[in-house]
There are 2 protein chains.
Amino acid sequence: MGRVSLTEADLQQAIDTFEAFLREKRLKMTDQRRQMVRAVLEKRGHFTADDLYRKLSGSGEPVSMATVYRGLALLEESELLEGHDFADGQRRYERALDREHHDHMICVDCRAVIEFTNERIEKLQEQAATQHGFTLDDHSLTLFVKCNELRDNGNCERREAKLARQNA
Amino acid sequence: MGRVSLTEADLQQAIDTFEAFLREKRLKMTDQRRQMVRAVLEKRGHFTADDLYRKLSGSGEPVSMATVYRGLALLEESELLEGHDFADGQRRYERALDREHHDHMICVDCRAVIEFTNERIEKLQEQAATQHGFTLDDHSLTLFVKCNELRDNGNCERREAKLARQNA
DNA sequence: ATATCTGCAAATGTTTTGCACTTTT
DNA sequence: AAAAGTGCAAAACATTTGCAGATAT
């Protein structure tokens, strides 16, 4: 599915990609932005601005919240990150570079995030937009679900849910 | 699709439904809540807490913002209203009682909201949740689209988009 | 050199809450 | 009478912004 670990080469490549994006917009590469790229690549799952801020605060080179927000906007624009709104008041991000498109299921009880893809749903969305005379630009599909185990046993310890929570 | 106008009987029925819900939770029916039910039934499309607050402020019987928020939560819980997060920083509501389930397309340019339904997508969502060992509780599907006319002519005056904006 | 960045603190916008008083049950 | 609701102002929260000094090009 994804890489097992982050190599120096991976990191450098991501930084290069981001720098190319910045150059095109006449923006500058800075230490803070490099730190953000690194921290973001280490994240396994979904994270908030505050998660990232804290991760960087813990490291030797903290970055202010204002800079985190400004950087996240650029990382999203450059398509290194993808942002989602899961209707809980905080925007969530995930690594997008080298990852395939997917949608999300969220357990309404434990808030675990599970990724899934469904080619047929994708096609039908495309068709629906076309039928209404529009061109599909983007979409957001989130299924709010309950684990069956949770429902039956009162806990949510499925493998997938666990995996999803391992957000470095 | 919907009713043409709101009759006194419709209003009374909605108030009764809400009152039954309140009674079950040992909560009280008040003038403010009655005003909110009336105002909400008059809304044709999607609206924010602030829209509702302003509508009530304009009427003879204003309701405070705090009460609007508290009331909206109850109206949603009682299923007279349905709430959505369209990722623009404000929760939006629409009448749910006597309305069929639907999803939304939003024009990324003019923010017009178009409703649509697709039975096959619904079924596939159900299946996707089941395949992953979950039970589907709810879902949120929003297509972000561009009108073809908009793309070609720089305006968004489609019939459906116009209709969607007629939010009383 | 000059345009862009950063951190800070202040501002923003939406939603929530504590509290004293009022209304429903 | 008791429980719940209301309005107000203040708080909470995530996010954005103005600005003076620092940094990248």
Side-chain angles (χ1 to χ4, degrees), chain A residues 15-16 18-39 46-78 81 83-93 111, chain B residues 15-16 18-39 46-78 81 83-93 111:
Chain A
I15 290 176
D16 290 348
F18 192 40
E19 194 156 8
F21 163 83
L22 292 173
R23 190 153 34 231
E24 201 167 303
K25 302 201 73 183
R26 305 232 164 75
L27 302 179
K28 295 166 180 172
M29 178 51 89
T30 63
D31 288 346
Q32 288 88 337
R33 288 177 182 169
R34 264 184 287 267
Q35 288 305 314
M36 286 184 69
V37 173
R38 189 184 47 65
H46 298 80
F47 59 91
T48 63
D50 192 58
D51 290 336
L52 180 55
Y53 170 71
R54 284 214 276 250
K55 175 161 186 152
L56 291 165
S57 297
S59 82
E61 337 213 16
V63 175
S64 75
M65 201 48 150
T67 299
V68 166
Y69 274 110
R70 288 187 276 230
L72 281 172
L74 291 171
L75 286 164
E76 197 175 349
E77 211 184 323
S78 74
L81 291 184
H84 306 286
D85 241 292
F86 294 147
D88 71 338
Q90 282 174 94
R91 190 162 184 76
R92 284 164 198 283
Y93 299 85
R111 288 268 141 188
Chain B
I15 290 176
D16 290 348
F18 192 39
E19 194 156 8
F21 163 83
L22 292 173
R23 189 153 34 231
E24 200 166 305
K25 302 200 72 181
R26 305 232 164 76
L27 303 177
K28 297 164 179 173
M29 178 51 89
T30 63
D31 288 344
Q32 289 87 338
R33 288 177 182 169
R34 263 184 288 266
Q35 288 303 315
M36 287 184 68
V37 173
R38 189 183 47 67
H46 297 81
F47 58 92
T48 63
D50 191 59
D51 290 336
L52 180 56
Y53 170 70
R54 284 214 276 250
K55 174 161 187 155
L56 291 165
S57 297
S59 82
E61 335 213 16
V63 174
S64 75
M65 200 50 149
T67 299
V68 165
Y69 274 109
R70 288 186 276 230
L72 281 172
L74 292 171
L75 286 165
E76 198 175 349
E77 212 183 323
S78 74
L81 290 184
H84 306 287
D85 240 291
F86 293 146
D88 71 340
Q90 282 174 97
R91 190 162 184 77
R92 285 165 196 280
Y93 299 86
R111 289 267 140 189

For DNA chain C, which residues of residues 61-69 of chain A approach it to below 4.0 angstrom with any heavy atom?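 Output list: P62(A), V63(A), S64(A), A66(A), T67(A).
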Residues from residues 20-27 of chain A lying under 4.0 Å of DNA chain C - heavy atoms: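 The stretch gives R26(A), L27(A) as the residues lying under 4.0 Å from the strand, ordered by number.
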Round to the nearest Å and state the distance from [X] atom [atom1] to [N] atom [atom2].
{"X": "L72(A)", "N": "dT15(D)", "atom1": "CG", "atom2": "C1'", "answer": "11 Å"}
{"X": "L74(B)", "N": "dT24(C)", "atom1": "CG", "atom2": "C1'", "answer": "15 Å"}
{"X": "R34(A)", "N": "dT6(C)", "atom1": "CZ", "atom2": "P", "answer": "11 Å"}
{"X": "Y53(B)", "N": "dG13(C)", "atom1": "OH", "atom2": "C1'", "answer": "15 Å"}
{"X": "M36(B)", "N": "dG5(D)", "atom1": "CE", "atom2": "C1'", "answer": "13 Å"}
{"X": "D31(B)", "N": "dA4(D)", "atom1": "CG", "atom2": "C1'", "answer": "14 Å"}
{"X": "D50(B)", "N": "dT16(C)", "atom1": "CG", "atom2": "P", "answer": "14 Å"}

Just how far is it from atom [atom1] of [X] to atom [atom2] of [Y], taken to the nearest 0.5 Å?
{"X": "L72(B)", "Y": "E77(B)", "atom1": "CG", "atom2": "CD", "value": "12.5 Å"}
{"X": "E19(B)", "Y": "E24(B)", "atom1": "CD", "atom2": "CD", "value": "13.0 Å"}
{"X": "D31(B)", "Y": "T67(B)", "atom1": "CG", "atom2": "OG1", "value": "12.0 Å"}
{"X": "L52(A)", "Y": "M36(A)", "atom1": "CG", "atom2": "CE", "value": "5.0 Å"}

4.5 Å side-chain heavy-atom contact, [X] and [Y]:
{"X": "D50(B)", "Y": "M65(B)", "result": "yes"}
{"X": "R33(B)", "Y": "F18(B)", "result": "yes"}
{"X": "F86(B)", "Y": "R91(B)", "result": "no"}
{"X": "K28(A)", "Y": "L22(A)", "result": "no"}
{"X": "Q90(A)", "Y": "R92(A)", "result": "yes"}

Working note: K55(A) + F47(A), criterion side-chain contact (heavy atoms from CB on, under 4.5 Å); need CA distance, chi angles, decisive distance, verdict. CA-CA 10 Å; K55(A) 175 161 186 152; F47(A) 59 91; over 6 Å; no
Could you check which of dG5(D), dT15(D), dA3(D) has an atom nearest any side-chain atom of K28(B)?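 Ranking dG5(D), dT15(D), dA3(D) by closest atom to the K28(B) side chain puts dA3(D) first.
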As a test of reading the structure: which of dT25(C), dG7(C), dC5(C) is closest to the side chain of Q32(A), going by heavy atoms?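 Nearest to the side-chain atoms of Q32(A), counting from C-beta on, is dG7(C).
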Name the residue closer to the 5' end of DNA chain C, choosing between M29(B) and R92(B) according to the nucleotide with the nearest heavy atom.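 That would be R92(B).
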For a stem of at least 3 consecutive Watson-Crick or G-U pairs with distances under 3.5 Å, i pairing with j, i+1 with j-1 and so on, which stems involve DNA chain D? C:1-25 with D:1-25
S78(A) meets the side chain to side chain donor-acceptor pair (under 3.5 Å) criterion, sequence neighbours left out, with none
With sequence neighbours left out, what residues match T48(A) under side chain to side chain donor-acceptor pair (under 3.5 Å)? D51(A)
Any ion pair linking E61(B) and R38(B) (charged N to carboxylate O, less than 4.0 Å)? no
Hey, can you pull the residues of residues 83-90 of chain A with a non-hydrogen atom under 4.0 angstrom from DNA chain D?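 Here the set is G89(A), Q90(A).
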Centroid separation under 6.0 Å, is that true for the rings of H84(B) and Y93(B)?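 Ring-ring flag for Y93(B)/H84(B): false, centres at least 6.0 Å apart.
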Which part of the nucleic acid, if any, lies within contact of R70(A), taking any heavy atom under 4.0 Å across all strands shown: a base, the sugar-phosphate backbone alone, or nothing? base
Is any side-chain nitrogen or oxygen of T30(B) closer than 4.0 Å to OP1 or OP2 of dA4(D)?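 Result: no.
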